Amino acid sequence: MPSAPDAPPRRHPGTALEVFLVFLRLGVTSFGGPIAHLGYFRDAFVVRRRWFSERAYADVVALCQFLPGPASSQVGAAIGLQRAGFPGLLAAWTGFTLPSAILLTAFAFVVDALGDVSHQGWLLGLKAAAVAVVAQAVLGMAKTLTPDAKRATIAVGAMIAVLLIPSSLGQVAVIAAAGVAGLLWLTAPPQAVGEADAFAVRVPRAVAVMCIALYFALLAALPIASAATHNAGLRLVDVFYRAGALVFGGGHVVLPLLQSGTVATGLVGHDDFLAGYGAAQAVPGPLFTFSAFLGAVTRSGPTGVLGAAIALVSIFLPAALLIVGALPFWDSLRAAPHVRRALMGVNAGVVGILGAALYNPVFTEGIGSVRALAVAMAAFLALVVWKAPPWAVVIAAGALGFLLL
């Protein structure tokens with residue numbers, strides 16, 4: 001199986017164009033939801049391009065699991081920021097988000113024509129491929145992050161707990177418990193975070209503090225301003241900003257917030273909401289781009305392309321503010337010995353959470369028949385043994401699903 005290379009990561013800075021092109025390809029081919037996205041990112045940036053080490057990647061994933069917002073998109077934003085500064089962050093977000101946002105906005109204009117796509121063979125093939133992608137990521141990360149009995153025990157304990165407590169708050173509690181277990185039970189290596197494991201970003205700490213302050217200021221001020229002005233555009237910003245700011249884990253967890261902010265308030269019809277959700281399962285990239293569809297079909301205020309753009313930017317803005325606010329402090333904080341012990345536990349817990357997600361929802365939703373299992377096994381063989389790139393495996397799995405499922 002592909003694993004993090006032994007050679008040290010490449011240290012030269014990149015360009016925003018470089019970041020955009022890589023994330024654009026990921027945005028076109030990354031099917032399977034946030035857990036699968038982390039597998040795609042690991043293969044693209046740790047294994048193939050060696051932009052940073054496995055440990056640095058795992059630590060950033062751990063940080064993003066703690067922050068509200070779409071975890072995989074925050075990891076992508078962190079990668080772009082680390083590689084090419086603020087232009088890199090914008091390039092990563094644009095490349096990864098734009099393909100699915102465009103598709104879902106277009107779908108808003110033809111929602112009555114396409115109908116339900118959830119049982120199409122090509123989509124079932126893509127879901128089966130996601131099983132292989134996540135399995136590869138879990139095995140690869142487990143090899144590095146749970147190499148001993150104690151950390152393997154923490155990982156299995158986290159997996160069991162997440163399966164028994166299937167909620168976003170339960171997941172945050174499990175990560176925190178894994179950190180406490182690491183702090184009390186594990187022994188940190190004698191050296192601090194080395195050059196090979198660094199994830200330094202070029203952001204002044206004053207800017208980071210301003211971003212965190214702005215995150216909370218908008219969260220408090222937008223509902224008041226929206227109610228006071230009765231402005232339809234401001235109302236749209238408020239609904240989607242709160243959805244992005246208050247959800248942990250991202251992905252499907254955001255759906256109740258979106259439903260209460262749009263359907264329950266009359267902004268979007270119930271049937272339109274369900275149709276858009278079905279279409280969101282059929283496109284690559286982050287599920288948060290479902291917001292573009294909802295913004296395009298709103299019944300009042302900005303609608304169409306303008307509504308889609310407002311909703312899309314508003315739901316991702318909190319995640320961007322938090323990642324810019326947290327990363328400048330993260331690299332120095334995680335070098336402290338007690339923080340390293342906690343992070344060792346957290347990283348083991350993340351492996352357990354990924355393992356739980358491999359079963360539910362990735363396996364339970366992706367493998368509905370013997371033929372789907374065959375597609376997933378073939379995809380896993382191609383990834384692990386033949387070292388095929390994930391984007392090629394995803395396309396081939398979609399074609400197989402179209403023919404077989």
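Here the structure is a predicted model, which means the values were calculated and not measured. In this chain, numbering begins with 1 at the start of the sequence shown.
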Could you tell me whether the side chain of [X] and the main chain of [Y] form a donor-acceptor pair under 3.5 Å?
| X | Y | value |
| --- | --- | --- |
| Q74 | V60 | no |
| T298 | G295 | yes |
| R371 | L404 | yes |
| Y241 | V313 | no |

- Task: Could you check whether the rings of Y40 and H37 sit parallel, tilted or perpendicular, using 30° and 60° as the cut-offs?
- Result: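 Aromatic pair Y40/H37 classed tilted.
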Side-chain contact, heavy-atom cut-off 4.5 Å: [X] with [Y]?
| X | Y | answer |
| --- | --- | --- |
| R235 | L267 | yes |
| V237 | I310 | yes |
| L222 | R242 | no |
| P318 | L321 | no |
| H338 | L183 | yes |
| I212 | F216 | yes |
| S73 | F288 | no |
| I323 | L89 | yes |

- Query: Which distance, rounded to the nearest 0.5 Å, do you find between the CE of M210 and the CG of L214?
  - Reply: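 Rounded to the nearest 0.5 Å, the CE-CG separation comes to 8.0 Å.
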- Does the side-chain contact (heavy atoms from CB on, under 4.5 Å) test come out yes or no for K150 and T153, once each step is laid out? CA-CA 5 Å; K150 289 183 177 180; T153 300; 5.7 Å; no
Any ion pair linking [Y] and [X] (charged N to carboxylate O, less than 4.0 Å)?
| X | Y | value |
| --- | --- | --- |
| E54 | K143 | no |
| D148 | R151 | yes |
| D59 | R340 | yes |

- Message: Run L104 and L294 through side-chain contact (heavy atoms from CB on, under 4.5 Å) and show every step you take.
- Response: CA-CA 9 Å; L104 289 173; L294 295 174; over 6 Å; no
Nearest heavy atoms of [X] and [Y], plus distance in Å:
| X | Y | result |
| --- | --- | --- |
| A178 | I154 | CB-CG2, 3.9 Å |
| P68 | Y215 | CG-OH, 3.8 Å |
| L90 | T94 | O-OG1, 2.7 Å |
| P302 | L236 | O-CD2, 3.9 Å |
| L186 | G345 | CD1-N, 3.7 Å |
| R48 | D43 | NE-OD2, 2.5 Å |

- Set of side-chain hydrogen bond (donor to acceptor under 3.5 Å, both in side chains) partners for S100, sequence neighbours left out: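 Once residues adjacent in sequence are excluded, the partners of S100 under the side-chain hydrogen bond (donor to acceptor under 3.5 Å, both in side chains) criterion are T289.
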- Message: If the condition is side-chain hydrogen bond (donor to acceptor under 3.5 Å, both in side chains), which residues does R202 pass it with, not counting sequence neighbours?
- Response: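 Partners of R202 under the side-chain hydrogen bond (donor to acceptor under 3.5 Å, both in side chains) test: none.
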- Item | Pairs satisfying ring pair (Phe, Tyr, Trp, His ring centres under 6.0 Å), at least one member in residues 71-93, at least two apart |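 Output for this query lists W93-F316.
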- Please determine which of F23, F52, Y57, W51 meets the ring-ring contact (aromatic ring centres under 6.0 Å, His included) test together with F41.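 Among F23, F52, Y57, W51, the one meeting ring-ring contact (aromatic ring centres under 6.0 Å, His included) with F41 is F23.
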- Message: Set out, in order, the CA-CA distance, both residues' side-chain angles and the distance that settles side-chain contact (heavy atoms from CB on, under 4.5 Å) for F240 and L258, then state yes or no.
- Response: CA-CA 7 Å; F240 287 97; L258 289 177; 3.7 Å; yes
